[in-house]
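Labels below follow one simple rule: chain letters A, B, ... track the order of the sequence lines, proteins then strands, and each chain is numbered from 1.
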There are 2 protein chains.
Amino acid sequence: MPTANTSSHSARWARRETTEAVEDYVKAIYTLGQRDSPVTINAIAARLGVSAASASAMVRKLDQRGLAVHPAYGGVGLTDAGEHVALEVLRHHRLLELYLAEALGMPWDRVHEEAEILEHVLSDELEEIISAKLGHPTIDPHGDPIPARDGKFHEPATDSFADLGAGAQGVFVRVSDSEPAMLRYLSERGISPGDSFEVVERQPFGGPLFVRFGSEVHVLGGDLAAAMRAEVRR
Amino acid sequence: MPTANTSSHSARWARRETTEAVEDYVKAIYTLGQRDSPVTINAIAARLGVSAASASAMVRKLDQRGLAVHPAYGGVGLTDAGEHVALEVLRHHRLLELYLAEALGMPWDRVHEEAEILEHVLSDELEEIISAKLGHPTIDPHGDPIPARDGKFHEPATDSFADLGAGAQGVFVRVSDSEPAMLRYLSERGISPGDSFEVVERQPFGGPLFVRFGSEVHVLGGDLAAAMRAEVRR
DNA sequence: CTCTTGATTATGCCATGTCTAAATTAGTTC
DNA sequence: GAACTAATTTAGACATGGCATAATCAAGAG
């Protein structure tokens with residue numbers, strides 16, 4: 001006959017005072033803010049696959065909880081607390097990706113979605129253990145930095161392949177939102193995050209790119225090129 | 001403007017058609033059934049820390065979903081499907097415990113609660129990888145069997161220390177419900193799951209037991225003795 | 001100054017799971 | 001076999017968390 005109103009939800013969330021959805025929103029705001037500022041409600045809604053109304057409502061909650069700031073009809077930003085949450089989730093995500101791939105040998109096109117689940121559930125203790133096992137890495141195999149436990153850090157800017165011109169060189173960093181199908185397609189062709197490339201040629205009128213990875217030249221176009229992101233050497 | 005009614009809940013549960021709570025109930029029914037049959041609603045409620053009314057309602061749902069059977073006012077049992085779920089969760093749990101302890105060096109008094117969380121989230125793929133990494137173990141370090149991916153298996157009966165008499169010998173298997181505080185207490189005294197023991201003497205009137213682990217004799221009584229479970233050599 | 005686009009409310013729905021209080025049933029005792 | 005007790009089940013609600021649609025409302029573009 002327990003008197004405490006301990007719903008299974010509260011039991012589940014007792015471990016952390018943010019829900020999975022809250023973490024996803026905060027993460028979305030953070031990553032969107034990396035590229036485009038200000039972050040719009042619509043962008044968040046699109047990223048998360050919800051209606052604008054829902055995003056608006058949720059962002060208000062984040063504001064009330066002190067995780068985000070959004071002046072009416074203005075851009076959405078994160079408070080320090082919100083950024084802290086975002087970085088923690090991001091850290092979890094990248095450590096997990098790295099661990100799953102390196103230590104467990106999980107194929108690269110799978111680690112993302114697996115990490116997407118586990119990132120919300122990873123305890124601080126386990127996070128620490130994993131980080132230690134990996135030798136406290138500061139960048140993941142994509143070349144993306146892993147946030148320190150509490151520190152901020154500089155997330156290097158990336159560009160979509162669709163925006164690159166001939167002659168651009170750099171490192172293929174990731175597929176935006178890590179579409180597994182695209183990752184798989186690419187890996188079947190020997191292209192993996194972390195690979196260096198050079199854009200050999202670009203067809204006009206939004207046409208495909210000819211990109212050299214190592215000695216092979218591949219043709220990339222359409223949604224694929226748009227989704228692929230590069231850290232460009234400038 | 002997505003039209004599909006894809007709530008974050010459904011998104012979360014799309015990965016598995018059972019919720020965390022359902023899995024907990026099924027697991028509780030299974031483990032309770034190991035020891036005492038029939039399994040009563042009250043026992044489930046107590047195990048899960050909810051009211052009997054809640055347990056009753058939930059068990060009805062399990063019945064409707066074809067995971068459990070419970071004749072009105074009768075004992076609760078699992079269907080094949082329910083047992084399948086229970087064994088899967090149990091398998092997850094034990095593999096995780098083993099992995100966390102063996103591969104990641106997490107202290108024993110912590111692995112249980114960590115596994116309690118992760119067991120609900122472990123994908124089949126990751127489960128398989130972990131199992132392989134561990135060499136497809138069939139028993140966990142407690143001495144408890146790890147269910148095969150689909151097979152049933154015999155879970156050896158365990159007895160509470162509180163029920164043992166002088167002269168009883170066996171292996172200390174686990175602390176019931178894995179109370180971390182008790183596990184910690186025991187491990188500080190050099191007693192771990194898997195250790196062999198012999199009951200040297202037992203004080204009458206529900207008094208403490210004197211139990212030899214290796215060469216040391218320890219005194220165990222009260223809730224501790226009641227919570228400790230042994231696989232007794234008969 | 002209108003028009004379009006993005007943002008915000010106003011409502012409502014649904015799913016999960018829980019609780020308390022009041023029946024009801026089953027089992028035990030006299 | 002009536003009465004009592006313990007276990008179980010209903011009845012009735014509530015809280016949380018999140019989403020959607022429809023209809024306003026703000027603001028910058030022309």
Side-chain angles (χ1 to χ4, degrees), chain A residues 1-26 28-29 32 36 38-65 67-77 120, chain B residues 1-26 28-29 32 36 38-65 67-77 120:
Chain A
M1 58 211 77
T3 53
N5 184 358
T6 320
S7 74
S8 108
H9 281 94
S10 34
R12 171 157 167 70
W13 304 128
R15 299 195 283 270
R16 182 181 296 248
E17 70 282 355
T18 61
T19 65
E20 197 169 316
V22 164
E23 292 178 359
D24 284 340
Y25 272 90
V26 162
I29 295 168
L32 288 172
D36 326 283
V39 177
T40 72
I41 289 286
N42 262 5
I44 298 171
R47 165 68 69 99
L48 263 31
V50 300
S51 73
S54 300
S56 181
M58 194 62 171
V59 168
R60 178 173 24 185
K61 277 188 203 167
L62 296 182
D63 192 319
Q64 284 161 356
R65 290 206 202 176
L67 295 174
V69 276
H70 77 135
Y73 295 93
V76 181
H120 301 295
Chain B
M1 57 204 79
T3 53
N5 183 359
T6 321
S7 73
S8 107
H9 280 95
S10 32
R12 170 156 168 71
W13 304 128
R15 297 197 285 270
R16 182 180 295 247
E17 70 281 354
T18 62
T19 65
E20 196 169 316
V22 165
E23 292 178 358
D24 284 340
Y25 272 91
V26 163
I29 294 168
L32 287 172
D36 326 283
V39 177
T40 71
I41 289 286
N42 260 7
I44 298 171
R47 165 70 68 99
L48 264 31
V50 301
S51 72
S54 301
S56 181
M58 194 62 172
V59 168
R60 180 178 33 227
K61 279 188 200 166
L62 296 183
D63 192 320
Q64 283 161 357
R65 291 204 201 178
L67 295 174
V69 277
H70 78 136
Y73 295 92
V76 181
H120 302 294

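When all heavy atoms of B:Ile41 and B:Ala52 are compared, the closest pair comes out as CG2-O, 3.7 Å. Heavy atoms only, all atoms of each residue included: A:Thr18 and A:Arg65 are closest at CA-NH1, 4.5 Å. Here the closest heavy-atom approach between residue A:Ile29 and residue A:Val39 is recorded as O-CG2, 3.8 Å. Closest approach of A:Ala28 and A:Leu48 over heavy atoms only: CB-CD1, 3.7 Å.
The distance between atom CE of B:Met58 and atom P of D:dT8, rounded to the nearest whole Å, is 18 Å. For the pair B:Lys61 NZ and C:dC14 P, the interatomic distance rounds to 15 Å; values are reported in whole Å. One atom, CG of B:Asp24, and another, C1' of C:dT18, lie 14 Å apart when rounded to the nearest Å. In this entry the distance linking CD of B:Glu20 with P of C:dT18 reads 11 Å, nearest Å. As a whole-Å value, the separation of A:Gln64 CD from D:dT16 C1' is 15 Å. Distance CG (B:Asp63) to C1' (D:dT8): 15 Å, rounded to an integer number of Å. We find that NE2 of B:His120 is positioned 15 Å from C1' of C:dT16, with the value rounded to whole Å.
Look at A:Tyr25 and you'll find a side-chain N or O under 4.0 angstrom from OP1 or OP2 of D:dC19. Checking the phosphate oxygens (OP1, OP2) of C:dG17, no side-chain nitrogen or oxygen of B:Ser54 falls inside 4.0 Å. Within the 4.0 Å cut-off from OP1 or OP2 of D:dT16, not a single side-chain nitrogen or oxygen of A:Thr19 is found. When the side-chain nitrogen and oxygen atoms of B:Arg60 are compared with OP1 and OP2 of D:dT10, one or more of them lie within a distance under 4.0 Å. Neither OP1 nor OP2 of C:dT20 sits under 4.0 Å from any side-chain N or O of B:Ser51.
Applying side chain to side chain contact (heavy atoms under 4.5 Å, CB included) to A:Tyr25 and the options A:Met58, A:Arg47, A:Lys61 leaves one that passes, A:Met58.
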Checklist entry - Should B:His120 and B:Asp24 be marked as a side chain to side chain contact (heavy atoms under 4.5 Å, CB included) after you check the CA-CA gap, both sets of side-chain angles, and the distance that decides it? => result CA-CA 9 Å; B:His120 302 294; B:Asp24 284 340; 3.0 Å; yes

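Take B:Ser54 and apply the side chain to side chain donor-acceptor pair (under 3.5 Å) test, not counting sequence neighbours, and it matches B:Ser51.
For B:Ala53, taking side-chain heavy atoms from C-beta onward, the closest of the listed nucleotides D:dA20, D:dT9, D:dG18 is D:dT9.
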Might you list the N or O atoms of the protein lying below 3.5 Å from N or O atoms in nucleotides 3-7 of chain C, with each pair's distance?
unit_1, atom_1, unit_2, atom_2, d
C:dA7, OP1, A:Ile41, N, 3.4
C:dA7, OP2, A:Asn42, N, 3.0
C:dA7, OP2, A:Asn42, OD1, 3.3

